[in-house]
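Accompanying notes for the structure given below.
Just so it is clear, the values below take in all heavy atoms, side chains as well, and ignore hydrogens, waters and symmetry mates. Note on naming: letters A, B, ... go to the chains in the order of the sequence lines (proteins, then strands), and numbering restarts at 1 for each one.
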Number of protein chains: 2
Amino acid sequence: MKKRRPEARPAEILAAALTLFSERGFAATRLEDVAARAGLSKAAIYLYFADKSALLAAIVEAAVQTNIATVRERLGPPTGPVAPHLRTLLATIATILRTTAFPDLMKLIIAESRAQPEIGRLYLDRVIGSAFPLVQSLIARGVETGEFRRIDPAMTVRSLVAPMLLAALWRSVFEPIGAEPLDIDALAAHHADLIIRGLAP
Amino acid sequence: MKKRRPEARPAEILAAALTLFSERGFAATRLEDVAARAGLSKAAIYLYFADKSALLAAIVEAAVQTNIATVRERLGPPTGPVAPHLRTLLATIATILRTTAFPDLMKLIIAESRAQPEIGRLYLDRVIGSAFPLVQSLIARGVETGEFRRIDPAMTVRSLVAPMLLAALWRSVFEPIGAEPLDIDALAAHHADLIIRGLAP
DNA sequence: GCGTTATTTATGACTGGTCAGTTAGTTTTG
DNA sequence: CAAAACTAACTGACCAGTCATAAATAACGC
């Protein structure tokens, strides 16, 4: 029954921590509860992680890595017209926001970035520093080929992805306190449409 | 020299609290430090506010009220073509985000909405519940007069304002940990342009 | 004006509860 | 039996909120 699987411990602890941090916030979550949920004692956590912050850092690290990989994979090689790529990008992000705990994680990052600057910097490096340039170069190619008018690609990236940030926070901040749900897929499709038309020469 | 001004106390305490909450987060701020910054003892705060949460609620209440008034005033009566109104809206929000502590406040609301649901609900009621419909009806009028194509006004509000949310969080979350500054006014202008072209029939 | 009392504004010291992180010792596994 | 995995119990620091008491100001009587 009770299989020992010590090498699975870190992942189990991380899963328990993500759930509780999301539900109650980082500061308000007791390590003892994380341990209980993972089927361990609090002291055991310290065999695998240096301290409470390391737990959060590991969660963010894992989630960011996984989801950037998903987006990269779904986007595929950047060939042909740019517009369909932009639609796919938003649709993929929308799916992630709808089906994973990523919105809660974003809320955590926003809330804790001052107290735990490494967490914020990790997101800054991986998401902003790696994904933004990728999209930016896509848009720049659209400008070069004449598919789009001559706009600033850097600003356009922000115009393009911002509603997905709004959607994430809607889900993690406002829905839990009683706001009516937002149709994230519809917003993604609507916004992609709007932007692509706005970019036409 | 030392003028007594007991009726100014609440405002002084609020100002001190906003500064410290913004800098270090709500949970991590000691009421004793708020008191010291306001030139009082901790116990004195309890003469004016019921508890720590009431402090946060009062800050949010005041900031939301002031800034919604600013936007309403700068927008003026909704007459003539809609497009200029949308440009003014984004430009006004951009100015607020650039010149006030509102971005820090938004970060606080996001961080504390689970622990202090009243705070989140206040923002939901006042900003989402009051400002969103206002903009939505503006866009709806544009659709009716034929100035815009037939899109969903509710979704378009979100497409329109989302980059201002991104800008606020850029300022309050990422700039403090070393991200390069974002030109919020430029983003507002760029985005207004993009959306208005995207809305053209 | 001027002393006396009432009221408002303020504080220092304390309490009770919380919880991250540690340690000394126990159980499990190979 | 040795090493690895684990835990109960403890410690030390922190801090929101309270309370008994003091200072400042206002109110009043004369």
ask   = Side chains of F148(A) and L86(A): closer than 4.5 Å at any heavy-atom pair?
value = yes

Taking N or O atoms only and anything under 3.5 Å, show me the protein contacts with nucleotides 14-16 of chain D, one pair per line.
{"residue": "dC15(D)", "atom": "OP2", "partner": "R30(B)", "partner atom": "NE", "Å": "3.2"}
{"residue": "dA16(D)", "atom": "OP1", "partner": "T29(B)", "partner atom": "O", "Å": "3.3"}
{"residue": "dA16(D)", "atom": "OP1", "partner": "K52(B)", "partner atom": "NZ", "Å": "3.4"}
{"residue": "dA16(D)", "atom": "OP2", "partner": "L31(B)", "partner atom": "N", "Å": "3.1"}
{"residue": "dA16(D)", "atom": "N7", "partner": "K42(B)", "partner atom": "NZ", "Å": "2.9"}

A43(A) side chain, from C-beta outward: closest of dT22(C), dA10(C), dC6(D) = dT22(C)

task = Determine the interplanar angle of the F26(A) and F21(A) rings, folded into 0 to 90°, and report it as parallel if under 30°, tilted if 30 to 60°, perpendicular if over 60°.
result = perpendicular

query = So how far is it from S41(B) OG to E32(B) CD, rounded to the nearest 0.5 Å?
reply = 8.5 Å

ask   = Over how many whole Å does the gap from L47(A) atom CG to dA4(D) atom C1' extend?
value = 9 Å

query = So, T79(B) versus R141(B): side-chain donor-acceptor pair below 3.5 Å or not?
reply = no

ask   = Quick one: does L194(B)'s side chain get under 4.5 Å of R149(A)'s, heavy atoms only?
value = yes

message = Can you confirm whether R158(B) sits close enough to P163(A) that some side-chain heavy atom of one is under 4.5 Å from a side-chain heavy atom of the other?
response = no

request  = Under 3.5 Å for both distances, Watson-Crick or G-U wobble, that's the pair rule; now give the dot-bracket for DNA chain D, with | marking pairs to another strand and [ ] for crossing ones.
outcome  = ||||||||||||||||||||||||||||||

request  = Please state how far atom CD in Q116(A) lies from atom P in dA20(C), giving the value in whole angstrom units.
outcome  = 12 Å

query = Out of T100(B), L75(B), I96(B), which residue meets the side-chain contact (heavy atoms from CB on, under 4.5 Å) rule with T70(B)?
reply = I96(B)

key: Short side-chain to backbone donor-acceptor contact, H191(B) and L90(B), under 3.5 Å   = no

inquiry  = Nearest whole Å is fine: how far is dA10(C) C1' from Y48(B) OH?
reply    = 8 Å

request  = Calculate the interatomic distance between I45(B) atom CD1 and dG12(C) atom P; express it in whole Å.
outcome  = 13 Å

message = Can you measure I13(A) atom CD1 to dA5(D) atom C1' for me and round it to whole angstrom units?
response = 12 Å

